[in-house]
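For reference, the structure is listed below as structure tokens.
The structure displayed is predicted, hence computed values, not measured ones. Just so you know, ligand 1 is whichever comes first in the structure, and atom 1 is the first atom listed for that ligand.
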Amino acid sequence: MYEGAVQDLIDELGRLPGVGPKSAQRIAFHLLAAESADVTRLAETLIRVKSSVKFCSVCGNVAEADICRICGDLRRDPTVICVVEEPKDVVAVERTREFRGRYHVLGGAISPIDGVGPDDLRIRELLTRLRDGVVTELILATDPNLEGEATATYLARLVNPMGLTVTRLASGLPVGGDLEYADEVTLGRAFSGRRRVD
Ligand SMILES: [Zn+2]
């Protein structure tokens, strides 16, 4: 529709999640009209995020060093691990201020349609973390949708024989959605009302 670089920009923006063709066009023209310094800062941030941000070798959360801020915080309770799908879910749970334990980021959920099986997630790493017996409770905070439920069920079956308490967030979360879409109060309530799964 447009010439050269403008169309390239619209195409690139359109590949981002949640950005349709109309939004892509709006953002592209916003950037064209913006101050040069602002656009440069955005471009540099994009490059820096790919070159400097790593994933925590313990929990899989985003980190600026080998170990993330939460895993490196000795005040966090090492006996409870909250399992989530994505780093953004860590942020959502942190916002509730209900949880003082550690996290484990799976990197997705089991989804046969998308070709994602247990081996594609950081499940082996989770089992390794549970082996030394320090962890006494595992909270399954995967998304309240089909894939999230399937993943929680799979993990519960896998982990229950290890003798630790496995819990799932209480109902009340918007079904079919992402954990991050729940407001802090609802998610906090789901957290404190978590129940045991056997
Ligand atoms: Zn970590």
Minimum heavy-atom separation for Arg168 to Leu140, with atom names?
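Answer, listing the atom of Arg168 first, then Leu140: NH1-O, 2.8 Å.
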
Closest contact, heavy atoms only, Gly101 versus Ile70
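Shortest heavy-atom separation between Gly101 and Ile70 comes out as O-CG2, 4.2 Å.
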
Which side chain to side chain donor-acceptor pair (under 3.5 Å) pairs, counting each pair once, include a residue from residues 21-33, with sequence neighbours left out?
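Counting only pairs at least two positions apart or across chains, the side chain to side chain donor-acceptor pair (under 3.5 Å) contacts touching residues 21-33 are Tyr2-Gln25.
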
Would Val53 end up clustered with Leu42 when hydrophobic side chains under 4.5 Å apart are linked, directly or stepwise?
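As far as the 4.5 Å side-chain criterion goes, Leu42 and Val53 are not connected within one cluster.
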
Looking at side-chain heavy atoms only, is the closest gap between Phe191 and Ile139 below 4.5 Å?
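The answer is yes; the side chains approach within 4.5 Å.
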
Protein N/O/S atoms under 2.8 Å of the Zn ion (ligand 1)?
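Result, waters dropped: Cys56 SG, Cys59 SG, Cys68 SG, Cys71 SG.
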
Could you tell me whether the side chains of Arg189 and Thr96 share a donor-acceptor contact shorter than 3.5 Å?
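Judged by distance alone, the side chains do not pair up.
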
